[in-house]
Structures are given as structure tokens and as C-alpha cells.
Amino acid sequence: MFLKFKKEVTEVLEDSLNELDLDVDDLGIEEPRDIADLASTLPFSISSILGEDPSVVGEKIVAKIDLGELKYISDVKFKEPGYINFYVDEGKLRQMIFDILEEPKKFMELEDKDEKIILEHTSANPTGPLHIGHLRNALIGDTLARILERAGYSVETQYYLNDLGRQMALLLLGVRKFGLQKSGKGDHEIGELYKRSNNFVDDSDEGDIELIMQKFEQGDEDVLDELDSIVNYCFEGIQKTLSRLNIKHDQVVKESKFVEENRLSEVIDSLEPNLEESDGSLQLNFQDMDKELVLKRSDGTSVYALRDLAYHKWKNKRGSMLDILGADHKLYSKQLVKALELMDIDSPEIIIFEFVSLPEGGMSKRKGQFISADELIDKVQKAAFDEVSGKRQEKNQEWKEKIADLVARGAIRYDFIKVAPKKPIKFNIKKAVDLNEQGAPFIQYSFARATSILDNSDLGSISTQEIDSLDNERSKELLKLISKMPSELKKAAEKKRPHYFAEYVFELASKFNEFYRDVPVLQAGNANEKKARLLLVRAFKLVMEEAINILGFEAPEEM
RNA sequence: GGGCCCGUAGCCUAGUCUGGACAAGGCGACAGCCUUCGGAGCUGUAGAUCGGGGGUUCAAAUCCCUCCGGGUCCGCCA
């Protein structure tokens, strides 16, 4: 609905430019808060071309617009010193309610894009539990996948499991030395063991580690089986953690796949002219970058980069690629893109997110210094349970746990997703656990309130006339914001910025709370008003539920 | 040292890509709001040299230059 309004504004402005015989690319359309529904700063930019005052140009444009021919624009006004303000048609806005009620999916989903996106995210090494840095990656990736799906793309999410390499050889050695208890959660046990192994190894173990890596490369079945059971043990734990936050991957791709299927030599071949041997190792040189990329060690074994190139080559056959990577991969990702270009493979789009650090400094799996995702979830869940127990004492244990679980999941997801990926996060566990600081419970509460109103009402039959009584300011504001859901979704999808959408959902909840306070629904002045307001609440509920689901948590009917 | 990223009220963040109308929220502080639908809510007040300086522009948090803080990368690690 808002998109149609915007389209009409665009057309009107383009027509005006045609009449003035001007060719300007940027129509200067913006969404000013509270001033107008849409505005254009066109008078400023074309006044210098025409040599006239912005107000003269602006008035001229406005005067030529024929409101009678327009469906979604109800009014146009020039405003000093050079703005053209557009106002949306309120009748159309009210009609939108019926569109939502009849076909909510159609209202909220954008048209099919006929493009498949392979979105790789999380991809943490199976050397321990996920920490809150990995969580940022996983949540950006998972939320973006949900946004892109609703925006009409076909999305396949992948976890690239780095089950080879030096750190895995070291881990294998550690397991041989210390053994596995197989008692608790695999990722946490492996994490402890990995830390212990790092502390334990010295130069005398170097030979063993190299030998294990050689066996990986040769495809030694015994060693690979041994390794595989360790990797799976750890990864089961990781997946369990992810599922606690509603994160799942469509595919898990093991790095070893590309060694076993002998895909590495193809990559080497296609890069041949740019390769160079150096002390027995194999390097890729770039003309426009002075940092080379090592593909093979001098003992002939492959390094991560080579296997990753094979992975991307394979991925690219399935669709266009989107990778979520931490800021430490910035340089590497540039090299990756350049290498793929040399291989004549499409470049992946790469979203870089900055680090999550603790007040005492950076996190390290090797040193065992981090806050695990499980620890965070446990703590927030406990805080949520205490909160729910205090507020809803009459409810039973099972219900409280269920609600605490969904509130905690929302709180964590929203907390991570609301901030722009490029911002570094200094993680404050106290704030993360304080539900008053969190946006998600606020959002969920607005939904529960809407549900409560509807539960206490009987909508009865619907006719189209009653809706016209919906003309108070709060209702109109709420309607306008609801109408923007598809365009907000589109923006977040196009820019690949989940936090844009998170911001919108918060505003929507906030707007509903204002409506709730000021506009009585069940006690409305007359039957028509009551019905109209109930319809609005119902439309809000449908849109909000979808919005919350896009953010990857649950909308509780009561909490 | 070089590259990249960040710096917006006491604290956390949006806005920076695409320059426009009073810099927008949340937490905390202070003052209010339950004879109406759930107070995990709402209203109001105080609080901002948009890191500093220069430049471009009719217009700069936003673009350019420079300096200062902080982070990160510059592995035959992943």
C-alpha cells in the first residue's frame, strides 16, 4: 500500500519534470517524520538549473498536479523553503485493512525474485561451544535469510564446517591423549579439551600434528573416521545451541568433502597462471594487491583458503552467494573475491560484522576466554522465568517455562540484531539479562495486548462501511505504519540490513501501545466505531505476528 | 608502520550508503497516569560542542581533507 503511494508520487514528479523538459535522476524523495507522508526536495536541486527560486519552482510543480487523477495521493502542498509534501489517501489506507484480513500473506510478501541465494553463516569451527561472537554471525545470517525469503528470494542457508586443518589435528591429538568422557554436551566438552590441548602441546608434538594433517590430505580412512566422530560430537552440541534460538541451516557442508572429492586440483588448475612456488609452498599472487594468498604448505598439504575456494566454486553452481563473516576476515574476503574472479566465478556478496568483545577484552576459544551462547541463553532464560513468575503467579510451571523460553529467545535475538553489523559491540552481560533493556518483550507485549482485546470481543459480521469511522489520529498513525511493512521489508532485504527491519518492528509495537492507551476499542462510542477498531487491532495482530516471525522469535498470545 | 571499521546526552543505540525541514529511540534521573480493553504499558521534564579542526554546498551527523581516541587485519591459522 505504501509502495503504491510511493510509486504514484514518483510518477507525479517524473511527469512534472517532463513538462518542464528537465532530466534529473534523483527525485529527492524522503519520509519526513510527522511532517508529511512523503516529501520531495526536488525544488532545491532544479532551482539552480532553471535559475529560479526554489519556492517559485516548487509552487509551479504543485500547481500542475491534478489531484483528481490520483488514487493514493490525497493532497500535495508546497512548503518553504523548497519541499513538496505528499499526503496519503486515508480511505485507501482504511481499505488496506480488508486486504490484510483477507490475504495476510499477500499483503506482506513481496513478488518472487526468481533468484536463489546461498547464504553461509555461523560456520564456527567445531573446536568448542559457540560464543557470543559466533552468535552475532548466526543471528545476522538467520534473520537475513528470513527477510530475504519473505522478500521473494529462494534462500538456502549453509553452515560450512571446518573439519580439517591444523586446529583439528591438534584436537585429534588431544582426544588421543586425554580421551572423551561423552557425558555432557559435546561442544562444551570438546571446548575444554581443546583448551587443554593448546596448553599441553609443545615443539615435540609438532611432528605428530604434521603427520595427522598429512593423513587428512591423503584421505586416510581410519584417521578421518576418528576425526569425524569428534567433529560430529561437537557439532551436535553446536546445533542444539542454535536450535535454542530458532536457528537452523538447510545444509551443513563439511570442508573435508572437497578434499575427498578431489576438488582442490581443479582450483589449482584454473589459477595456474597466477600461481608461484615459494620454498615448496604454493602461493596465489594478485596484480592489484601486495598480499599473496598461500594455498599449499611446503609439505604439500592444502590450507583453508584453497578448500574455501573449492567450496565457493561448488556453491556458485547452486545460486548466488552471500557470506556473513567477522571483521577479522576483511582482508581474506577481498582476496577470496579476487581469486574467484581469476577463476571466472561470480563474486559472493560479503557482509562483515564487527567484533563482540567483553569489558575485559577480546574473546578467545584457544584460551577459553569467552561467554558461551549457552551461558547467555541460560541466564536470560532464568531472568525471564523470574519475571514471568512474578507477574503471572497463577500460572503453572510448564506455562511459565514456555513463556520464559520464548521471551528469552526474543530478547537475545533482538538484542543482537538491532545494532548495525558494522558497529563493534562491547558486550554487557548485565544489560543483556535485564529484560527492561530489551526490545523484544516490549514487542511481544504489544502483540499479547492486541490478542487480549480480540479475545474479549465478538467481531461478528463485517461490512465495509463501518471502517470509515476509523478517523482518529492514533488509528491513522497506526494504519500508516502498518502500511509500511512491505516497504520496510523490501528496504531491509535490498540493503541486506536486518537491523532496519528490527527498528521498524519496535516502532510498530510502540505505535500500537499509544493507540491502546488513547483509543478505547471494546468501550468505543458506538457499534460502528467498535467494529472498525476491532478490525484495525486484528490487522495489527496479523502483521505483527508475521513481523515477529521474520525476526525469528515467537508472538505470544499471552505472556 | 600500512589497510579497513568505529567515535551521536551519564549509559546503549538509530540516522551516515542516497546531504535537506526541530539529530530519533531505549536505559537511568525527575514529575505524573489504573472508577476503560493486561502497568513487560503511557505522558511530560532535564540531558547532545553528532570525537576536534578545516573544506565543498543554498543546505553537512551524512560528502572531502586532516588530526585525536578505540578496535581489527597484515600466519605455510581458520
Side-chain angles (χ1 to χ4, degrees), chain A residues 26 28-30 32-36 39-41 44-45 47-48 53-54 79-83 85 123-125 127 162 164-168 255 278-283 289-291 294-305 307-308 326-332 334 352-355 357 362 366 384 387-388 390-392 407 415 418-420 422-426 428 431 434-446 448-457 495 497 499-500 502-503 506-507 509-510 513-514 516-524 533-534 537 558-559:
Chain A
D26 187 2
I29 296 175
E30 54 186 41
R33 271 174 47 87
D34 303 330
I35 300 169
S40 168
T41 56
F44 288 116
S45 49
S47 67
S48 56
D53 200 68
K79 183 81 169 64
E80 294 288 356
Y83 303 95
N85 289 339
S123 300
N125 295 339
T127 52
N162 305 133
L164 290 180
R166 204 192 137 77
Q167 89 276 0
M168 296 315 292
E255 197 180 4
S278 164
D279 299 330
S281 74
L282 198 60
Q283 306 185 337
M289 198 189 284
D290 53 9
K291 188 68 203 152
V294 174
L295 300 180
K296 280 190 170 184
R297 302 181 181 87
S298 38
D299 66 1
T301 58
S302 60
V303 298
Y304 172 81
R307 301 185 297 259
D308 199 27
D328 53 339
H329 285 65
K330 268 182 201 173
L331 173 62
Y332 170 70
K334 281 205 182 93
I352 298 283
F353 67 93
E354 285 292 329
F355 268 41
S357 61
R366 262 192 326 236
E387 187 83 11
V388 173
K391 287 186 195 297
R392 304 300 298 272
V407 167
D415 196 27
K418 72 179 181 195
V419 3
K422 66 177 179 180
K423 300 275 187 174
I425 293 180
K426 246 182 272 133
N428 183 332
K431 285 191 177 176
D434 181 357
L435 295 173
N436 284 329
E437 293 266 1
Q438 301 305 331
F442 174 88
I443 291 164
Q444 289 169 319
Y445 188 63
S446 74
R449 276 179 147 180
T451 305
S452 178
I453 292 177
L454 295 169
D455 283 351
N456 293 318
S457 71
K495 302 290 179 191
R497 290 179 193 170
H499 72 285
Y500 281 3
E503 188 86 3
F506 188 90
E507 279 170 25
S510 186
N513 280 334
E514 287 168 22
Y516 182 92
R517 151 97 176 197
D518 293 339
V519 184
V521 177
L522 299 177
Q523 312 288 328
R533 289 172 187 180
L534 276 170
V537 173
E558 51 173 346
M559 62 188 282

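Chain naming here is simple, since letters A, B, ... match the order of the sequence lines and numbering starts at 1 in each. Below, each value reflects all heavy atoms present in this structure, side chains not excepted, and no hydrogens, waters or symmetry copies.
For A:S452 and B:C37, a side-chain-to-base donor-acceptor distance below 3.5 Å is absent, hydrogens and geometry of angles not being considered. For A:N513 against B:A40, a side-chain-to-base donor-acceptor contact under 3.5 Å is absent. Judged by distance alone with a 3.5 Å cut-off, no donor-acceptor contact links the side chain of A:R533 to the base of B:C37.
Rounded to an integer number of Å, the gap from CG of A:D290 to C1' of B:C73 is 13 Å. Rounded to a whole Å, the CD atom of A:E354 is 10 Å from the C1' atom of B:C73. Nucleotide B:G39 holds its C1' atom 16 Å from the CD atom of A:E514, rounded to whole Å. Atom CD1 of A:I453 is separated from atom C1' of B:G41 by 12 Å (rounded to the nearest Å). Rounded to whole angstrom, the span from the NZ atom of A:K422 across to the C1' atom of B:U62 amounts to 10 Å. In this structure, A:E387 atom CD and B:G38 atom P are separated by 19 Å, rounded to whole Å. As a whole-Å value, the separation of A:L454 CG from B:G38 P is 11 Å. Taking atom CZ of A:F353 as the reference point, atom C1' of B:U72 lies 13 Å away to the nearest angstrom.
The phosphate of B:A14 (OP1 or OP2) has a side-chain N or O of A:K423 nearer than 4.0 angstrom. The side chain of A:Y304 contributes no N or O atom lying less than 4.0 Å from OP1 or OP2 of B:A78. The phosphate of B:G39 (OP1 or OP2) has a side-chain N or O of A:R449 nearer than 4.0 angstrom. Side-chain N/O atoms of A:K391 include one lying less than 4.0 angstrom from OP1 or OP2 on B:A40. Dashed line: the shortest gap from a side-chain N or O of A:N125 to OP1 or OP2 of B:A78 is not under 4.0 Å. Taking only side-chain nitrogens and oxygens, A:Y332 never comes nearer than 4.0 Å to OP1 or OP2 of B:C4. Side-chain N/O atoms of A:H329 include none lying less than 4.0 angstrom from OP1 or OP2 on B:C4.
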side-chain contact (heavy atoms from CB on, under 4.5 Å) evaluation trace for A:E255 with A:D308: CA-CA 8 Å; A:E255 197 180 4; A:D308 199 27; over 6 Å; no

Candidate pair A:L164 and A:R307, rule side-chain contact (heavy atoms from CB on, under 4.5 Å), full reasoning: CA-CA 10 Å; A:L164 290 180; A:R307 301 185 297 259; 3.9 Å; yes

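Applying the side-chain contact (heavy atoms from CB on, under 4.5 Å) test to A:T451 and every residue at least two apart in sequence or in another chain returns A:F447, A:D455, A:K541, A:E557. Contacts of A:P424 classified as side-chain contact (heavy atoms from CB on, under 4.5 Å), with partners at least two apart in sequence or in another chain: A:E354. Under the side-chain contact (heavy atoms from CB on, under 4.5 Å) criterion, A:V521 pairs with A:I453, A:F515, A:R533, A:L534, A:V537, not counting sequence neighbours.
Residue contacts for A:N85: at a heavy-atom cut-off of 4.0 Å it reaches a base atom on one of the strands shown. Contacts of A:P424 with the nucleic acid, taken as non-hydrogen atoms under 4.0 Å apart, involve only primed sugar atoms and P, OP1 or OP2. Note on A:V294: only backbone sugar-phosphate atoms sit closer than 4.0 angstrom, heavy atoms only; bases stay farther off. Using a 4.0 Å heavy-atom distance criterion, A:S457 is classed as making no nucleic acid contact. Across all strands shown, A:V388 has heavy atoms under 4.0 Å from base atoms, whether or not it also approaches the sugar-phosphate. If you check every strand for non-hydrogen atoms under 4.0 Å, A:F44 touches a base. Using a 4.0 Å heavy-atom criterion, one finds that A:A305 contacts no nucleic acid atom at all. Contact annotation for A:D279: base contact, defined as any heavy-atom pair under 4.0 Å involving a base atom. If you check every strand for non-hydrogen atoms under 4.0 Å, A:K79 touches a base. Within 4.0 Å (heavy atoms only), A:Q283 reaches no atom of the nucleic acid at all.
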Each nucleotide N or O in nucleotides 28-34 of chain B that has a protein N or O under 3.5 Å away: list the pair and distance.
{"residue": "B:C33", "atom": "O2", "partner": "A:R517", "partner atom": "NH1", "Å": "3.1"}

Distances for protein N or O near nucleotides 10-12 of chain B N or O, under 3.5 Å:
{"residue": "B:C11", "atom": "O2'", "partner": "A:K431", "partner atom": "NZ", "Å": "2.5"}
{"residue": "B:C12", "atom": "O4'", "partner": "A:K431", "partner atom": "NZ", "Å": "3.3"}

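Among the duplex regions that RNA chain B forms, those built from at least three successive Watson-Crick or G-U pairs under 3.5 Å are B:1-7 with B:68-74, B:10-13 with B:24-27, B:29-33 with B:41-45, B:51-55 with B:63-67, ordered by first number.
The environment of A:K296 atom NZ is sparse: at most 12 non-hydrogen atoms of other residues, nucleotides or ligands sit within 6.0 angstrom. Crowding of A:N456 atom CG: a count of heavy atoms from other residues, nucleotides or ligands under 6.0 Å exceeding 12.
Spacing of P atoms, B:G55 relative to B:G47, comes out at 30 Å, to the nearest Å. Annotation: B:C11 and B:A29 have their P atoms spaced 16 Å apart (nearest Å). Nucleotides B:U13 and B:C76 place their P atoms 35 Å apart, quoted to the nearest Å. Rounded to whole Å, the C1' atom of B:C63 lies 11 Å from the corresponding atom of B:C17. Rounded to the nearest Å, the gap between the C1' atom of B:A46 and that of B:G28 is 13 Å.
Closest to the side chain of A:K330, from the set B:C37, B:A21, B:C5, is B:C5. Side-chain proximity of A:R166 to B:C17, B:A21, B:A78: nearest is B:A78. Proximity note for A:K291 (side chain, C-beta onward) versus B:C74, B:C17, B:A40: the nearest is B:C74. For A:R307, the side-chain atoms get nearest to B:A78 when compared with the rest of B:G19, B:A78, B:G15. Among the nucleotides B:C73, B:G15, B:G39, the one closest to the side chain of A:Y445 is B:G39. Nearest to the side-chain atoms of A:S510 among the listed nucleotides B:C77, B:C42, B:C6 stands B:C42. Counting only heavy atoms from C-beta on, A:L435 has its side chain closest to B:A40 among B:G25, B:C17, B:A40. Listed nucleotides B:A78, B:G38, B:U16 differ in distance to A:Q167; the shortest reach to its side chain belongs to B:A78.
RNA chain B is contacted by both A:I35 and A:E255; A:I35 maps to the nucleotide lying nearer its 5′ end (nearest heavy atom per residue). The residue among A:F506 and A:D26 whose nearest nucleotide of RNA chain B is located toward the 5' end is A:D26.
Ring-plane geometry between A:Y304 and A:Y332 is classed as tilted, the angle between the planes lying from 30 to 60 degrees on a 0 to 90 degree scale.
When all heavy atoms of A:S457 and A:L522 are compared, the pair lying nearest together is CB-CD2, 3.5 Å.
Although no hydrogens or angles enter the test, the distance criterion places a donor-acceptor pair under 3.5 Å between the side chain of A:D434 and the main chain of A:N436. Distance alone, capped at 3.5 Å, places no donor-acceptor pair between the A:R497 side chain and the A:A420 backbone.
Taking syn as a glycosidic angle within 90° of 0, B:C64 does not qualify and is anti.
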